[in-house]
Every structure is written in C-alpha cells, then in structure tokens.
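Because the structure is predicted, anything quoted here is derived from the model rather than measured. All residue numbers refer to positions in the sequence shown, counting from 1.
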Amino acid sequence: HEVVITVPSDWGQRQRQALLDSAKIAGLNAILVHETGAAAINLGMDWNKEKMERILFYNMGAYSTEVCVSEFTARAAGMVAGRTSPNIVMKGCVVDEKVGGHHADIALAEEMKKRFVAKYPKDAEDMVKSPKCLRRILQQAKTTRHQLSAGKQATFSVESLINDIDFKSPITRDEFEALLEESLWP
C-alpha cells in the first residue's frame, strides 16, 4: 500500500526514519511530506496562474510557529487530476519552538487575571488560589484567542468565575497583538 504521511517540518532525520521504518513494518510504502509542503501541494491543485508567485505559509500551532516561503511557477505540461499543476519549490522554512498558541493563551489569561484583580480586588486572592478558576480563565483565553483570529474584537467572559462573579472584559485584536509583543517578544 502506498501512503503519504505529513510530518512537522522541524523533524530531524532520525524521527523521519523512525516513521518510515514503522510504516514499512506495517506493510506501507510511505512518502513523507512536511505539513507546510502538503498545504502548498493543496494550494497548487487549483493553481491557474501563468506568472511566478512566492507565497508565505504561516502556521501557529499549540507550542510552535512555522513560516515557510514557497515559489509557484507555471508548468509547461502536465496534468494532475485533470488540472494543470504548478512547479512548487520550498524556498525556506523556519520554526520557532518557543512560541505557539498556548503561549498566547497564557499571555491573555494573565492579562485577564490582572483586569479581574483591578475590578474585584476583594476577590483576587480567592481567584488566584483556585485551580478550577485558573483553569477556566485559561480555557476562555483560548476561546477568545480563536475569536480574535477571525474578528477585530472579542469579549472574554466567564460566568460565575469566583464568588458568583460573572467576569467579562472586551479586548480588541490590536490590544491582543500589543499584549503578545510585550509578553512573547520583549
């Protein structure tokens, strides 16, 4: 059986070889493509442009961020699934394993804890000492981050966060980006 398996682009040769060996043991003839290369191939499936273009692929995962540049050029001949396909060259990739979505969630959660303390100083100690409360803040931070990736503003909101307090705080994408600048890239 022929299979294509996507792997993180920061995987080393040993990790790739271990996966190929595992596939072989399972009776599979595997080709490995890194995740961003797979995204480039997917984009190339509907490519119909005649001029060369460079495209930047950006992927922020939970614990890492990857940026790759691919070059797409028109191919003189060749069809894939009834469509003309481009030549695709990965010009370069970089991975930062220190910055990911989870890090952004933590930064947003810390900001919301500060806002809660400023608004409800008498309840701050209860909030900080409650693992359940802190977990709910982090969960809502992730939801709010997802909302900010699609819109210009969102409302961080947790019902009955502590001591029957419904905590809400609006945040704009610009504020969130400034927060990331301060906390992730000082």
Side-chain angles (χ1 to χ4, degrees), residues 1-109 138-139 141-152 154 171-186:
H1 298 348
E2 304 274 330
V3 296
V4 176
I5 302 173
T6 61
V7 297
S9 56
D10 61 336
W11 269 27
Q13 187 57 36
R14 287 185 181 183
Q15 292 165 303
R16 291 171 187 261
Q17 190 59 53
L19 184 57
L20 287 170
D21 293 345
S22 298
K24 188 174 185 177
I25 290 168
L28 302 172
N29 183 19
I31 297 172
L32 302 184
V33 176
H34 71 75
E35 294 164 334
T36 307
I41 291 168
N42 185 48
L43 179 63
M45 295 299 290
D46 292 323
W47 194 261
N48 60 3
K49 299 179 182 181
E50 295 298 320
K51 63 179 184 144
M52 183 275 293
E53 285 194 32
R54 287 195 180 105
I55 298 181
L56 182 131
F57 291 88
Y58 174 85
N59 179 19
M60 179 182 266
Y63 293 96
S64 66
T65 299
E66 175 183 32
V67 177
C68 294
V69 176
S70 299
E71 186 175 272
F72 289 71
T73 55
R75 184 184 293 186
M79 297 287 279
V80 174
R83 294 175 248 168
T84 302
S85 61
N87 288 318
I88 304 169
V89 177
M90 298 302 283
K91 300 303 270 185
C93 289
V94 64
V95 176
D96 187 338
E97 294 179 350
K98 296 182 180 109
V99 178
H102 184 68
H103 302 95
D105 296 344
I106 291 170
L108 182 55
L138 188 58
Q139 288 170 334
K142 181 177 181 177
T143 300
T144 303
R145 175 177 56 88
H146 289 173
Q147 292 169 346
L148 288 170
S149 72
K152 293 184 179 194
I171 187 165
T172 65
R173 186 184 303 159
D174 289 340
E175 291 172 321
F176 179 58
E177 289 174 359
L179 177 67
L180 294 180
E181 285 287 329
E182 294 170 15
S183 61
L184 299 180
W185 300 283

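Nearest heavy atoms, A141 versus A109: CB-N, 3.8 Å. Nearest heavy-atom pair across P8 and H34 is C-CB, 4.2 Å. In this structure, A40 and M90 approach most closely via the heavy-atom pair CB-SD, 4.3 Å. Nearest heavy-atom pair, A154 versus T144, reported as atom, atom and distance to 0.1 Å: CB-CG2, 3.9 Å. When all heavy atoms of T65 and V99 are compared, the pair lying nearest together is OG1-O, 2.7 Å. The nearest pair of heavy atoms linking A38 to T6 is CB-CG2, 3.7 Å.
In this structure, CD in E177 is found 10.5 Å from CD1 in I171, a value given to the nearest 0.5 Å. Here the straight-line distance linking atom CG of L108 with atom CZ of F176 works out to 5.5 Å at 0.5 Å rounding. For the atom pair I41 CD1 and T36 OG1, the distance stands at 11.0 Å (nearest 0.5 Å). Atom OG1 of residue T73 and atom NZ of residue K51 lie 13.0 Å apart, to the nearest 0.5 angstrom. Going from atom CG of L20 over to atom CD1 of I25 covers 11.0 Å, rounded to the nearest 0.5 Å.
The list of salt bridge (Lys or Arg N to Asp or Glu O under 4.0 Å) pairs with a residue in residues 97-108, not counting sequence neighbours, reads D105-R145.
Within the 3.5 Å criterion, the main-chain N or O of V69 finds no donor-acceptor partner in the side chain of R54.
Of the candidates L28, L32, I31, L32 is the only one forming a side chain to side chain contact (heavy atoms under 4.5 Å, CB included) with I5.
Below 30°, between 30° and 60°, or above 60°: for Y63 and H103 the angle between ring planes is above 60°, a perpendicular geometry.
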Side chain to side chain contact (heavy atoms under 4.5 Å, CB included) between M60 and D96, intermediate numbers included: CA-CA 9 Å; M60 179 182 266; D96 187 338; over 6 Å; no
